[in-house]
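Since the model is a prediction, treat every value here as computed from it, not as a measurement.
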Amino acid sequence: MRDWSKQLFAAIGHGIEGSPRRKWASIQSVWGEVSGKEVEVEILRHDEEALEIDVTRCRFAEFFRALGEPELGALLICETDFDIAAAGGSEVSLTRDRTIMQGASSCTFRYKFAPR
């Protein structure tokens, strides 16, 4: 599944015209529309250099934890965030120190953007 997800988002990125950062932004926007109803977020920073978000509630995590399968949820849901970031090539990087899926109180999304 992990290889499939990486290939899927790479292929989607290849189909989008523009810079790697534009490719990432396009995919991220659509993914946000889909998943946005299932998460609550706090935007800490959003500028030309970075986007920092804390997810404070995640219904995906609630679902997989109720099933007793948070590891599966991490593989199927959480790891795709890195596949989407990879569409940004060297222009977008993502670090995330913790996730609700893994038992933390929030998910820490820290995107860094290369200078334009």
Side-chain angles (χ1 to χ4, degrees):
M1 291 295 291
R2 294 296 320 125
D3 288 338
W4 173 81
S5 178
K6 290 175 187 179
Q7 292 170 1
L8 173 67
F9 287 106
I12 292 170
H14 288 303
I16 299 170
E17 291 190 32
S19 70
R21 184 169 171 184
R22 185 181 187 303
K23 293 172 188 277
W24 167 79
S26 295
I27 297 170
Q28 186 66 27
S29 175
V30 172
W31 180 242
E33 289 177 24
V34 171
S35 66
K37 297 174 243 167
E38 307 304 327
V39 298
E40 294 175 11
V41 301
E42 180 180 351
I43 298 174
L44 306 174
R45 177 180 177 188
H46 189 194
D47 57 39
E48 288 295 315
E49 297 175 356
L51 172 60
E52 298 180 357
I53 300 172
D54 282 355
V55 172
T56 57
R57 181 171 185 209
C58 176
R59 288 182 183 87
F60 298 111
E62 292 167 6
F63 173 78
F64 281 99
R65 292 179 77 65
L67 290 177
E69 296 291 345
E71 295 85 10
L72 180 61
L75 287 171
L76 295 176
I77 304 297
C78 302
E79 290 301 312
T80 60
D81 297 317
F82 292 97
D83 301 337
I84 294 168
S90 62
E91 295 181 17
V92 178
S93 65
L94 169 62
T95 58
R96 188 175 54 217
D97 294 331
R98 64 181 190 254
T99 65
I100 296 170
M101 193 79 73
Q102 295 172 322
S105 61
S106 65
C107 306
T108 56
F109 287 78
R110 303 298 183 259
Y111 294 96
K112 300 279 186 212
F113 306 126
R116 290 185 181 206

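Take Phe9 and apply the ring pair (Phe, Tyr, Trp, His ring centres under 6.0 Å) test, not counting sequence neighbours, and it matches no residue.
Here the CG-CG distance, from Leu51 to Leu44, works out to 9.0 Å after rounding to the nearest 0.5 Å. Atom-to-atom distance recorded for Ile27:CD1 and Ile16:CD1 is 4.5 Å, nearest 0.5 angstrom. Rounding to the nearest 0.5 angstrom, the gap separating the OG atom in Ser19 from the CH2 atom in Trp24 is 11.0 Å. Interatomic distance, CZ of Arg96 versus CG of Asp81, reported as 4.5 Å (0.5 Å rounding). Put simply, CD on Gln102 and CZ on Arg65 are 9.5 Å apart, with the number rounded to the nearest 0.5 Å.
Taking each heavy atom of Arg45 and Asp47 in turn, the nearest pair found is NE-OD2, 2.8 Å.
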(Q) Does Glu91 form a salt bridge (charged side-chain N to carboxylate O under 4.0 Å, His left out) with Arg21? I'd like the steps, not just the answer. (A) CA-CA 6 Å; Glu91 295 181 17; Arg21 184 169 171 184; over 6 Å; no

Q: Evaluate the criterion salt bridge (charged side-chain N to carboxylate O under 4.0 Å, His left out) for residue pair Glu17 and Arg22; output intermediate values, then yes/no.
A: CA-CA 8 Å; Glu17 291 190 32; Arg22 185 181 187 303; over 6 Å; no

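No side-chain heavy atom of Ile12 sits less than 4.5 Å from a side-chain heavy atom of Gln7.
Grouping the Ile, Leu, Val, Met, Phe, Trp and Tyr side chains by contacts below 4.5 angstrom, directly or via other members, places Leu72 with Ile100. Both Leu94 and Ile84 are assigned to one and the same hydrophobic cluster, defined by single-linkage of ILVMFWY side chains at heavy-atom distances under 4.5 Å. Trp31 and Phe109 fall within a single hydrophobic cluster, where Ile, Leu, Val, Met, Phe, Trp and Tyr side chains are chained together by heavy-atom contacts under 4.5 Å.
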